[in-house]
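Notes to accompany the following structure.
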Amino acid sequence: GYLEVGLLLVVVLAVVFWTHWTYGLAVGLTFGAGMSACILAGRRIASMDRGVSDTYDDVTTTLQENVAGARVVRAFGRETHEVRRFGGHMDRYTRKWAALERFWTGVMPGVNHLYHLCLPLILLLGTRRIGAGEGSIGEVTAVLLYVRTIHHRIRPLTRLVILGQQATASASRVFEVLDRQELIPEPTAPKQLPPVEGAGDVVLEDVHVGDGETAPVLRGVSLHVPPGGSLGLLGPTGSGKSSLVQLLPRFYDPNGGVIRLDGIDLQDLRIEDLRATVGLVFQEPFLFSGTVAQNIAYGNPSIGQERIEECARLAAAHAFVQDLPDGYETIVGERGVSLSGGQRQRLTIARALAMDPRVLIFDDAT
């Protein structure tokens, strides 16, 4: 393993230094130069690899957008434009990948050959010591054999350094996401919602929402929706309807005011507990690529087939589901591509109902 190679290198250097310090210096300098060059090359490769990965992201994003939005592209006659855009991303990806391969094949052989420079140095030093009557042929032969034992094992160690640099560059992209500060903080002393049957009691008191730079989206909103009650929000686009309803599952918090569910401030509840009690039907229906039954039971996987069908009936989806090739076991395809827009919307309503939520929100899902 790599630990064995490292230990062997240390032992060989110690023995060579013990034989004579000039041999040890020659081996140490050449191996040190080789390792330093390897580290520098690894950093360069890692930087280039990061660029290749970023460009590849552009390629896959463009491809995914064009597949998902094929109808929009055709409707607006933008096929040629999208082909050119995708081709541009592919050209950049190909150039960066080729540059990385050229660097690897052009530089790494030279880096590996730096280790071999110690062989002529040892022969030169040994010849001088023998000529001066201070060394012997056996001494030089022994040093060469010691060095040879690690030459063919140093390449895996070199590759480990390169892979380590690449892994570090790749991991940095992951940690950029993991290290982001959570925008919605969890309460330090969370409270539990009181047990209730049916709907919950929702109260908003003087709620403000805004980013501090533009006009506030919501200003001083107060309302009360009692258990079993309902409330419709009407207004033009951009008036804050979606912003208001997204406060309830705490997708973000208000800049001012208080929102209570069954008498408890939402910010005093664990986010997981809160969202388990709020059923949300989004404006844009989204389905996963599993079966109809799996999509309905997504928020509450423990429910049985009877409850799944009950929720489908409540959402007026049971009739068309029965007409599907495999009924509730029909695969809906990625994003529910095999269904119409209205069918997808009804399944998302059934999915929200299956959670048996205290609060059911329809975000412009008409």
Side-chain angles (χ1 to χ4, degrees), residues 1-56 94-176 179:
Y2 297 114
L3 180 60
E4 178 186 354
V5 174
L7 290 175
L8 183 61
L9 178 60
V10 172
V11 171
V12 168
L13 282 174
V15 172
V16 172
F17 264 106
W18 179 78
T19 303
H20 196 268
W21 67 270
T22 54
Y23 298 133
L25 186 61
V27 175
L29 286 176
T30 53
F31 275 68
M35 190 59 67
S36 298
C38 176
I39 293 174
L40 292 175
R43 290 177 179 173
R44 175 61 177 164
I45 288 173
S47 175
M48 297 176 74
D49 188 69
R50 174 67 182 265
V52 170
S53 297
D54 289 342
T55 311
Y56 183 71
T94 303
R95 288 197 301 269
K96 289 188 177 183
W97 179 261
L100 174 60
E101 290 300 311
R102 285 196 300 269
F103 183 85
W104 183 283
T105 56
V107 174
M108 291 312 299
V111 171
N112 288 326
H113 279 87
L114 282 175
Y115 299 110
H116 295 280
L117 290 178
C118 65
L119 298 178
L121 286 177
I122 290 172
L123 288 173
L124 177 62
L125 292 171
T127 300
R128 289 186 175 182
R129 282 177 54 77
I130 293 172
E134 298 176 354
S136 64
I137 295 178
E139 173 187 280
V140 177
T141 303
V143 172
L144 288 174
L145 290 175
Y146 289 140
V147 173
R148 186 176 180 181
T149 59
I150 59 173
H151 259 161
H152 70 283
R153 300 188 183 184
I154 201 70
R155 183 168 293 180
L157 192 62
T158 302
R159 184 167 181 80
L160 175 65
V161 174
I162 299 296
L163 291 177
Q165 294 284 349
Q166 288 182 297
T168 300
S170 299
S172 66
R173 306 181 71 202
V174 177
F175 286 114
E176 285 176 4
D179 293 339

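Since we're looking at a predicted model, the values are computed, not measured.
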For residues 119-126, which side-chain donor-acceptor pairs fall under 3.5 Å, sequence neighbours excluded?
none

Please tabulate, for side-chain N and O atoms in residues 26-33, each donor-acceptor pair with protein atoms closer than 3.5 Å (sequence neighbours left out).
| unit_1 | atom_1 | unit_2 | atom_2 | d |
| --- | --- | --- | --- | --- |
| T30 | OG1 | A26 | O | 2.9 |
| T30 | OG1 | V27 | O | 3.1 |

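If you take CG on L100 and CZ on R44, they are separated by 9.5 Å, rounding to the nearest 0.5 Å. Atoms CD1 and CZ, on I45 and F103 in that order, are 5.5 Å from each other to the nearest 0.5 Å. Here the CZ-OG1 distance, from R95 to T55, works out to 9.0 Å after rounding to the nearest 0.5 Å. In this structure, CZ on R50 lies 11.0 Å from NZ on K96, to the nearest 0.5 angstrom.
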